[in-house]
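Computed from a predicted model, the values in this text were never measured in an experiment. Lettering of chains follows the sequences in order, A, B, ..., and the numbering in each one begins at 1.
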Amino acid sequence: MSQNNDIDTSDLYAVRLNKLETMRSAGFDPFRANCEQAHTSEQAKALFPEGAEEGPVVKVAGRLKFIRLMGKASFVKILDRDGIIQLYFKRDEIGEEAYDFFKKLDLGDIIGVEGPMFKTKTGEITVRVKAFTLVSKALRPLPEKFHGLTDSEQVYRQRYLDLISNDDSRRVFKTRSRIISCIRRYLDAHEFMEVETPILQAEAGGAAARPFETYFNALDCPFVLRIALELYLKRMLVGGFDRVYEIGRNFRNEGLSRRHNPEFTMLEVYQAYSDFRGMMKLIRGMVQAICDDVLGTDKITRYDGEIIDLGGEWREAAYKDLIIEYTKDPDWFFRSKAEKLAFCEKDGIEVDPEREDFEVTNNVFEKRIEPTLIQPTFVTHIPRELCPLAKINQEDDSVLDVFELCINGQEIAPAYSEQNDPIVQRKMFEQQAGEEVQKIDDDFLTAMEHGMPPAGGMGVGIDRLVILLTGVPSIRDVILFPAMRPDKDA
RNA sequence: GGGCGGAUAGCUCAAUGGUAGAGCAGUGGCCUUUUAAGCCAUUGGUUCUGGGUUCGAGUCCCAGUCCGCCUACCA
């Protein structure tokens with residue numbers, strides 16, 4: 001085994017490529033087709049007998065994250081899907097040739113090892129390596145071992161590097177996955193059925209948002225990516241699948257922000273013979289199940305240190321009461337638009353004066369009230385203009401039988417007693433259509449004319465729920481590959 | 001779309017308008033229980049791109065690219 005001495009030792013890639021060629025020319029394959037991982041780092045540690053000095057033989061595998069080479073013996077740490085485990089390589093255990101090979105390994109290389117476990121003098125469970133193999137050579141260096149990767153652009157574009165080097169990022173995405181499986185378990189246990197509806201649609205319905213446009217070649221017509229799940233799931237109610245849900249991606253061709261990614265994951269749930277009150281129980285039960293099964297606590301610490309208490313009953317507050325409380329004006333809803341605009345101006349809330357009266361009020365809600373709703377709050381009795389798909393309240397026809405669940409200063413889940421009167425539904429759509437909000441979906445109305453059972457329905461923004469439950473500040477922290485401009489250098 | 005901020009070694013970061021540095025990583029050596037291991041030596045730069053001001057620009061000015069934050073759009 002002779003190394004090429006002409007290589008530039010400052011070129012990290014060239015140095016590693018040279019090592020790789022040296023191995024290959026010595027007949028060693030640095031990229032194995034397989035490697036037995038009999039135990040993960042956590043499984044191995046769990047096998048260690050309480051109070052003992054020595055443990056059983058384990059086979060673990062993972063990526064080299066730390067190397068502490070001390071002459072004729074070394075400690076290293078490898079990372080696998082469960083975390084980190086320390087390995088001890090000793091020349092007298094594995095022989096001089098193997099030890100020399102070990103010393104050539106680089107941070108980032110993936111190895112498999114076998115050996116009995118022991119405890120170091122500081123009590124750390126460690127594998128005493130008897131045999132090992134390099135199973136995949138890393139040709140590029142890892143990010144800085146202490147600070148990890150912080151350059152946000154690289155974190156998003158090369159998320160794998162973020163996951164390798166930042167523990168908290170690993171925690172967040174594992175938690176996200178567990179939250180979603182917990183939601184499925186919860187809904188399945190409540191006899192809901194998971195369905196899949198079209199993402200490619202001729203018309204974007206169920207919400208008012210600008211869709212992404214595409215073209216369906218075989219049908220020779222323009223198509224869009226869905227902006228909501230709602231209208232197809234309600235067709236399921238008509239079809240007799242009276243408890244359905246879908247967890248899927250929605251696409252909205254709009255701006256990006258700390259709370260918005262153009263593709264985002266929605267859960268929508270529909271339960272026939274229920275209503276928005278039933279949805280309250282469902283969402284609270286679901287979130288508290290996640291607290292129990294995934295988080296092990298119902299107190300969430302936000303990135304700014306504030307505690308959110310998800311336990312017990314949740315506050316209920318009527319939209320109008322919140323507005324009156326904030327504006328300190330009991331007659332707010334009898335004021336003219338001009339008076340409301342004057343209030344906004346005085347309060348520093350930017351509003352387009354062309355907006356409808358109810359939109360001016362809703363601006364006050366979104367800008368001034370919603371951000372203050374940190375503790376879970378069901379906002380009820382929302383003005384009818386704000387949603388064309390919900391039932392109108394029987395006592396007060398200016399409001400809807402709906403709630404918007406706000407936690408962490410964000411809207412987490414809106415829920416309705418779903419509109420099932422096709423005549424009223426058409427009228428509501430037509431009123432909206434005047435404001436060029438959404439096109440009337442005649443197929444949907446036809447379905448409803450066949451009779452849709454009374455039902456409660458709810459949409460849960462999964463990304464925002466994960467933001468809340470993991471305590472991170474931005475939606476980009478909970479989406480593996482957030483939307484970004486293509487990298488020209490790539 | 002608008003405002004503000006950022007971009008320097010593979011990574012994390014320094015550098016009054018005056019010779020571009022440190023730590024980690026790398027390379028060579030020492031070290032048989034380390035914990036961001038330690039010690040000695042050492043390689044590594046189109047300072048995002050393009051213009052301009054200046055005797056002299058990483059630093060000042062203009063334009064652009066990308067990223068972040070705020071804002072706007074967003075039921």
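- When the nucleotides rC74(B), rC13(B), rC11(B) are ranked by their closest atom to the side chain of Thr150(A), rC13(B) comes out on top.
- Tyr88(A) places its OH atom 5 Å from the P atom of rU33(B), with the value rounded to the nearest Å.
- The side chain of Arg476(A) lies closest to rG68(B), out of rC73(B), rG44(B), rG68(B).
- Residues Tyr416(A) and Phe276(A) keep their aromatic ring centres 6.0 Å or farther apart.
- Comparing Gln154(A) and Arg91(A) against RNA chain B, the residue whose closest nucleotide sits nearer the 5' end is Gln154(A).
- Across the protein-nucleic acid pair, Arg384(A) atom CZ and rA75(B) atom P stand 19 Å apart, rounded to whole Å.
- In this structure, Arg16(A) atom CZ and rU27(B) atom P are separated by 8 Å, rounded to whole Å.
- One interatomic measurement links the two molecules: NZ of Lys77(A) to P of rU33(B), which rounds to 16 Å at whole-angstrom precision.
- Counting to the nearest Å, the C1' atom of rC24(B) and the CG atom of Leu142(A) are 12 Å from each other.
- Minimum atom distance to the side chain of Thr120(A) is reached by rU33(B), of the listed rU43(B), rU12(B), rU33(B).
- At the phosphate of rU33(B), neither OP1 nor OP2 sits under 4.0 Å from any side-chain N or O atom of Lys72(A).
- Per the geometry, NZ belonging to Lys65(A) stands 17 Å off C1' belonging to rU34(B), to the nearest Å.
- Counting distance only, with no hydrogens placed and no angle test, the side-chain atoms of Lys90(A) and the base atoms of rU33(B) include no donor-acceptor pair under 3.5 Å.
- Pair check for rU47(B) finds none; no Watson-Crick or G-U wobble contact set falls under 3.5 Å.
- Two rings, from Tyr232(A) and Phe444(A), have their centers 6.0 Å or more apart.
- Close to rA25(B), at under 4.0 Å from its OP1 or OP2, lies a side-chain N or O of Lys145(A).
- You'll find that the side chain of Thr122(A) is closest to rU35(B), out of rU35(B), rA25(B), rU33(B).
- Between the base of rU34(B) and the side chain of Ser74(A) there is no donor-acceptor pair shorter than 3.5 Å.
- Residue Asp92(A) is the one, among Leu69(A) and Asp92(A), whose nearest nucleotide of RNA chain B lies closer to the 5' end (criterion: closest heavy atom).
- In this structure, Phe75(A) has its ring center no closer than 6.0 Å to that of Phe66(A).
- The side chain of Leu149(A) lies closest to rC11(B), out of rC11(B), rA36(B), rC66(B).
- Using N1 to N3 plus N6-O4 or O6-N4 for Watson-Crick, or N1-O2 and O6-N3 for G-U wobble, each under 3.5 Å, rC31(B) pairs with nothing.
- Rounded to an integer number of Å, the gap from Leu161(A) CG to rA25(B) P is 17 Å.
- A close approach under 4.0 Å does not occur between any side-chain nitrogen or oxygen of Arg140(A) and OP1 or OP2 of rG26(B).
- In a base pair of the Watson-Crick type (N1 to N3 plus N6-O4 or O6-N4) or a G-U wobble (N1-O2 and O6-N3), with each distance short of 3.5 Å, rG26(B) is matched with rU42(B).
- Atom-to-atom, CZ of Arg258(A) to P of rC4(B) comes out at 21 Å; the value is rounded to the nearest Å.
- Within 3.5 Å, a donor on the side chain of His260(A) pairs with an acceptor on the base of rC74(B), or the reverse.
- Between the side chain of Glu350(A) and the base of rU71(B), no donor-acceptor pair of N or O atoms lies under 3.5 Å.
- Look at Arg355(A) and you'll find a side-chain N or O under 4.0 angstrom from OP1 or OP2 of rC74(B).
- Less than 6.0 angstrom separates the ring centroid of Tyr319(A) from the ring centroid of Phe365(A).
- Of all nucleotides present, none satisfies the Watson-Crick or G-U wobble test against rA9(B) with each distance under 3.5 Å.
- One finds a side-chain N or O of Arg485(A) lying less than 4.0 angstrom from the OP1 or OP2 phosphate oxygen of rC67(B).
- In this model, the phosphate group of rU34(B) is approached by a side-chain N or O of Lys121(A) to a distance below 4.0 Å at OP1 or OP2.
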